[in-house]
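Reading through the structure tokens given below for one structure.
Chain A is the first sequence line, chain B the second, and so forth, proteins listed ahead of strands; every chain is numbered from 1.
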2 protein chains.
Amino acid sequence: MIKSLTRKQQEIFDFLLQHQDRFSHPPTLEELCASMGLKSRGSLHNHIKALISEGLIEAPERKQRGIRLTEYAKQMINSSDDQSALPFVGFIAAGKPIEAVENITYMAIPEQLKTQKPCYVLKVKGDSMLEQGIYDGDWVIIEQRCHARNGEIVVALVNKSEATLKFIEQYPHETLLIPANSTMEAMRYNPAQVEIQGVLVGQMRSYTKNH
Amino acid sequence: MIKSLTRKQQEIFDFLLQHQDRFSHPPTLEELCASMGLKSRGSLHNHIKALISEGLIEAPERKQRGIRLTEYAKQMINSSDDQSALPFVGFIAAGKPIEAVENITYMAIPEQLKTQKPCYVLKVKGDSMLEQGIYDGDWVIIEQRCHARNGEIVVALVNKSEATLKFIEQYPHETLLIPANSTMEAMRYNPAQVEIQGVLVGQMRSYTKNH
DNA sequence: TAGCAGCAGAACAAATAAAGAACAAGTAAA
DNA sequence: TTTACTTGTTCTTTATTTGTTCTGCTGCTA
């Protein structure tokens, strides 16, 4: 599972995984020693340090609050049993290809913000949908499909290279991509130049600015 | 489980949870001491203070027999299996009291849109925060607290009757509630008239219009 | 050999917990 | 109302628990 752990470290981590529910409080080093059959906290602490630097457990510095698994570690056991989660796949900025994120993470999305069809999450860079209430840094939930009705907001791939989030208007000989920002102008394309990658179904914004 | 409690604090909280029905009156510190096997009220009181600042219990100042569990604490017992869900409690329209919904439902909210503190979800009616990208029909995630910094967006209760979602500016002799809509004007109040009920930490919008 | 993983134990500092004194606000009885 | 008692609160002092660092030891392996 994890490469750089020694046998003993793996053993301790497995123990914590299996018994995470058994402890009403996060276990102290002393309790863990007893469980692992050790007599010295100092010995155990070296393993703990290793697990912390792997990001698997956390132990608030100096605080006597015991050893906890990180969210990351919990995800490793049951990462696929959450139906409500959607993948956060990357960033979309008008005029650039979608910038994929290296490790895909999953976000819990309320039912009301998605559809029955496959959906994914992007983060918006730029102000092209400003007047539609979609700001720089907002997340958007996109339903994956390759066609849209006029007036929907779509993720469009132009000339197989530039992705953008815009209103779409499709006519027999012309496709318009229209920003919701009066300082920008609508773009006119040959329908063959524009490929629809998905349709906007939801939007989210954090006001705590830690992301 | 709650992160920032020490073991003794957790122990006392657990005791209060288990025995909330047994006491016809809320227990005194003395009675709690006896139950926890302590000899000094002073010792216990420190833990009580910690639980209060965590928002788990309430103790009206100086009142005797005043220790009660918070709504938030009670909510934790029955929803402890689903950490990501927040209650959708009702609608907020500028100038009206919060319209509570009859059956509280729970929405799965991504971590990035909430805080460690208790939060709840409201649905917005009206356009008073239009220029901040909060539209009629959007959901907002509110952190439950009774104070705010200037410039934050708060749920404020004015004259104990009208709830509203506005920017807040607090000065010694005046509290301003400022809409993000240039067609509306800031409202000036005596600080005593304005009660803060929560602070905006997240926002969500559906584009499928079925809600 | 050197190097690594692992264990035990000593020692230290910070966090946590307890007891008790003292005081003020609430409560109830006279 | 006055008085006595209870209860909540604050503070200081002391003790205990816990996380952390170090040193020294053992066995294993390349």
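Taking every side-chain heavy atom of B:Ser40 into account, C:dA19 is the closest of C:dC7, C:dA5, C:dA19. Out of C:dA14, D:dG8, D:dT21, the shortest distance to the side chain of A:Gln64 is found at C:dA14. Checking D:dT21, D:dT18, C:dA8 against the side-chain heavy atoms of A:Lys39 singles out C:dA8 as nearest. Comparing D:dT9, C:dA17, C:dC7 against the side chain of B:Lys8 picks out C:dA17 as the nearest.
Between the NZ atom of B:Lys63 and the C1' atom of D:dT9 there is a distance of 16 Å, rounded to whole Å. Computed from coordinates, the B:Glu30 CD to D:dC5 C1' distance equals 13 Å when rounded to whole Å. Taking atom CD1 on B:Ile12 and atom C1' on C:dT16, their separation rounds to 12 Å, with Å as the unit. B:Leu29 places its CG atom 14 Å from the P atom of C:dA19, with the value rounded to the nearest Å. Between B:Leu51 atom CG and D:dT9 atom P the separation is 13 Å, expressed in whole Å. Rounded to whole Å, the distance from CD1 on B:Ile57 to P on D:dG8 is 11 Å. B:Leu32 has its CG atom 13 Å from the C1' atom of D:dT7, to the nearest Å. Protein atom CD of B:Glu61 is 10 Å distant from nucleotide atom C1' of C:dA25, rounded to whole Å.
In the interface, the side chain of B:Arg62 is not paired with the base of C:dG26 through any donor and acceptor atom under 3.5 Å apart. Looking at A:Ser43, its side chain has no donor and acceptor atom pair within 3.5 Å of the base of C:dG6.
Between B:Arg188 and B:Glu174 there is a salt bridge, with a side-chain nitrogen of the basic residue lying less than 4.0 Å from a carboxylate oxygen of the acidic one.
Using a 4.5 Å cut-off on side-chain heavy atoms (C-beta onward), B:Glu195 and B:Lys160 make contact.
Counting any heavy atom pair closer than 4.0 Å across all strands shown, B:Arg41 reaches a base atom. B:Arg7 comes within 4.0 angstrom of sugar-phosphate atoms only, judged by non-hydrogen atoms across all strands, and of no base. Within the nucleic acid shown, B:Leu38 comes within 4.0 Å of sugar-phosphate atoms alone, with no base atom in reach, counting heavy atoms only.
Each of A:Asn46 and A:Thr28 was assigned the nucleotide of DNA chain D with the nearest heavy atom; the assignment lying further toward the 5' end belongs to A:Thr28. For the pair A:Ile52 and B:His45, both in contact range of DNA chain D, the more 5′-proximal nearest nucleotide belongs to B:His45.
Ring geometry, B:Phe88 versus B:Phe91: the interplanar angle exceeds 60°, so the pair is classed perpendicular (tilted spans 30 to 60°).
Side-chain N or O atoms of B:Glu31 include one that pairs as donor or acceptor with a backbone N or O of B:Thr28 at under 3.5 Å.
In terms of phosphate contacts, B:Lys49 brings a side-chain nitrogen or oxygen within less than 4.0 Å of OP1 or OP2 of D:dT10.
Side-chain contact check for B:Glu143 and B:Thr115: at least one donor-acceptor pair (N or O, by modelled atom type) lies under 3.5 Å.
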